> 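Before I ask anything, here is the structure I am working with.
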Number of protein chains: 2
Amino acid sequence: MPAYKKIQAAILQRIEAGELKPGDAIQSERELAKIHQVSLMTARHALGSLERDGVVLRRRGSGTFVAPPKVHFNKLMSFTEQMTGRSLRPASTVLSFGIVDEEPEVAARLALTPGTRLIRIERVRQGADEPFALETCYVSADEFSKLTRPALERGSLFSILEREYDIELSYADEEVDATSADATTARLLRIPPAAPLLRIRQVIYSTKGRPIIYVLGLYRSDRHNLLIRRFR
Amino acid sequence: MPAYKKIQAAILQRIEAGELKPGDAIQSERELAKIHQVSLMTARHALGSLERDGVVLRRRGSGTFVAPPKVHFNKLMSFTEQMTGRSLRPASTVLSFGIVDEEPEVAARLALTPGTRLIRIERVRQGADEPFALETCYVSADEFSKLTRPALERGSLFSILEREYDIELSYADEEVDATSADATTARLLRIPPAAPLLRIRQVIYSTKGRPIIYVLGLYRSDRHNLLIRRFR
DNA sequence: AAGTGGTCTAGACCACGGC
DNA sequence: CCGTGGTCTAGACCACTTC
């Protein structure tokens, strides 16, 4: 492990342990260099990328300080993670699980040739026993042949892909708009027909930048809202 | 201007001039150091922050390359900028312009004391002569006393704040959900009553991290969708 | 004045990619 | 193999903040 990463790890550990709280001063660059027996440039590099990750704030002439607690904006999280983060017990019901080969638009979004066989999964997502969303997701059937309905009912899709296929998911591009519930959706989500829904079409990419999952989600707008941070 | 910024500027200029296209190789770190008469570390610093800004991709053993064209994900843009980016002629109609002092929730979002006087502006936003959205925005009345209705009808709020008050807007936190149009909104946006709308509540911050503007926007979902990128 | 972060030098060795 | 980016050294001066 490079020296600068060791320095970062040491600082992160002190923050996680609660030894350093937001606003507290970190050791100066020169102190860090001395303590870790590295040159000033290396200590600076360590702080530089901690700063870019939002862990730390540097003020010239004054020092380096622990940044305010991270707000989880623009974070890609599985449904399970979202729910547990809000301390709601997550649950899912698989409505359907099957293979389709006539979804050229979805295939295109996954950068696959039009006729490719896809696994199509329809789920109702629940939190605290209330339905939150209706999600339809697609992955390549040939690539993820080990993905079965029982496996999905046990664990989350994210974790299956990460564990069984060694695919690290990295980011998602989302298209968000509003729509209103049709009769079936309304019944499944236990809302009045034509109630407003947040519609999110999501392409989830691996660390290599390859599209892996396509998700169409319909979210009850009385139970869900997006938090986004945009930059100028 | 620091040497590393000069190097960045030189590279950015070559990209903007079309001399370097996405995927093209940039000069190597050693070449840049020689050309600009700086040490290797300085050339590396220049490329390092260009990479973090997504301008450039570095591949060890291979070289540094112009990144694919920036997708405008998670970009804070004024309505005018959004429309011109889609080559639609932007227009706005100011429906109301006045001072309110009984909006404690809005004041709170702007980190002002509850009774603070606020300028409240209601506008219909149009693109290509079609109504797109209904926006209500709030700014501190005491701080932005030069903000008048005629000024707003001439230029955008963003540009007034940036030019007249030297405030650089930096980022926005948004809360997005779906709702349906009430009778007035439907009439103003020329959509059927109860049609689905995208509701965006936005707090826009200055570079100093101070909240400046609060905006409540109702967007026709048939004309507008959000593009978001989320990271794991 | 002392200490901090910001920039910079002129070298070095390593790990990786493509030929 | 050679060239690339990735890490690192042991110093230096500057601009800024704090006291």
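Chain identifiers are assigned alphabetically (A, B, ...) following the order of the sequence lines, protein sequences preceding nucleic acid strands; residue numbering begins at 1 within each chain. This is a predicted model, so every value here is computed, not measured.
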> Can you work out whether Gly61(A) or Tyr4(A) has the more 5'-proximal nearest nucleotide on DNA chain D?
Tyr4(A)
> Could you tell me how far apart Ile26(B) (CD1) and dT4(D) (P) are, to the nearest whole angstrom?
13 Å
> By nearest heavy atom, map Gln27(A) and Leu40(B) onto DNA chain C; which one lands nearer the 5' end?
Gln27(A)
> If you draw a 6.0 Å radius around CD in Glu164(B), do more than 12 non-hydrogen atoms from other residues or ligands fall strictly inside?
yes
> Rounded to the nearest angstrom, tell me the gap between atom NZ in Lys34(B) and atom C1' in dG3(D).
12 Å
> For Glu153(B), I'd like to know if atom CD has over 12 heavy atoms of other residues, nucleotides or ligands within 6.0 Å.
yes
> Whether Arg201(B) and Glu105(B) form a salt bridge (side-chain N of Lys/Arg under 4.0 Å from carboxylate O of Asp/Glu) is what I want to check.
no
> Taking atom P of dC8(D) as reference, at what distance in whole Å does atom CE of Met1(A) sit?
11 Å
> Check the phosphate of dT4(C) against Ser28(A), side-chain N and O only, distance under 4.0 Å to OP1 or OP2. Yes or no?
yes
> Rounded to whole angstroms, how far apart are CG on Leu47(A) and P on dT4(C)?
12 Å
> Which pair of heavy atoms, one from Val203(A) and one from Arg109(A), lies closest together, and at what distance?
CG1-O, 3.8 Å
> Between Ser39(B) and dC8(C), is there a contact of a side-chain N or O with OP1 or OP2 at under 4.0 Å?
no
> As a test of reading the structure: which of dG6(C), dG6(D), dT17(D) is closest to the side chain of Ser62(A), going by heavy atoms?
dT17(D)
> Is there a donor and acceptor pair, one atom on the side chain of Arg60(B) and one on the base of dG3(D), closer than 3.5 Å?
no
> Could you tell me the separation between the CD atom of Glu29(B) and the P atom of dC8(D), rounded to a whole number of Å?
15 Å
> Side chain of Met41(B) only, heavy atoms from C-beta on: which candidate in dA10(C), dT7(C), dT4(C) is closest?
dA10(C)
> Which part of the nucleic acid, if any, lies within reach of Gln37(A) when heavy atoms closer than 4.0 Å are counted: base, sugar-phosphate only, or nothing?
sugar-phosphate
> Of the candidate nucleotides dC13(C), dC8(D), dG5(C), which contains the atom at the shortest distance from the side chain of Arg30(B)?
dC13(C)
> On the nucleotide dC8(D), are OP1 or OP2 found under 4.0 Å from the side-chain N or O atoms that Thr42(A) carries?
no
> Given dG6(C), is OP1 or OP2 found less than 4.0 Å from the side-chain N or O atoms of Arg44(A)?
yes
> Has the side chain of Arg59(B) got a donor or acceptor atom sitting under 3.5 Å from an opposite partner on the base of dG6(D)?
no
> Taking only the side-chain heavy atoms of Thr64(B) (C-beta and beyond), determine which of dA10(D), dG5(D), dC8(C) contains the nearest atom.
dG5(D)
> May I have the distance from His36(B) (atom NE2) to dT7(C) (atom P), rounded to whole angstrom?
17 Å
> Are there more than 12 heavy atoms of other residues, nucleotides or ligands under 6.0 Å from atom CD of Glu31(A)?
yes
> Going by atom types only, do Arg14(A) and Gln27(A) share a side-chain donor-acceptor pair under 3.5 Å?
yes
> Can you measure Glu51(B) atom CD to dT4(D) atom C1' for me and round it to whole angstrom units?
14 Å
> Could you tell me the separation between the NE2 atom of His45(A) and the C1' atom of dG6(D), rounded to a whole number of Å?
8 Å
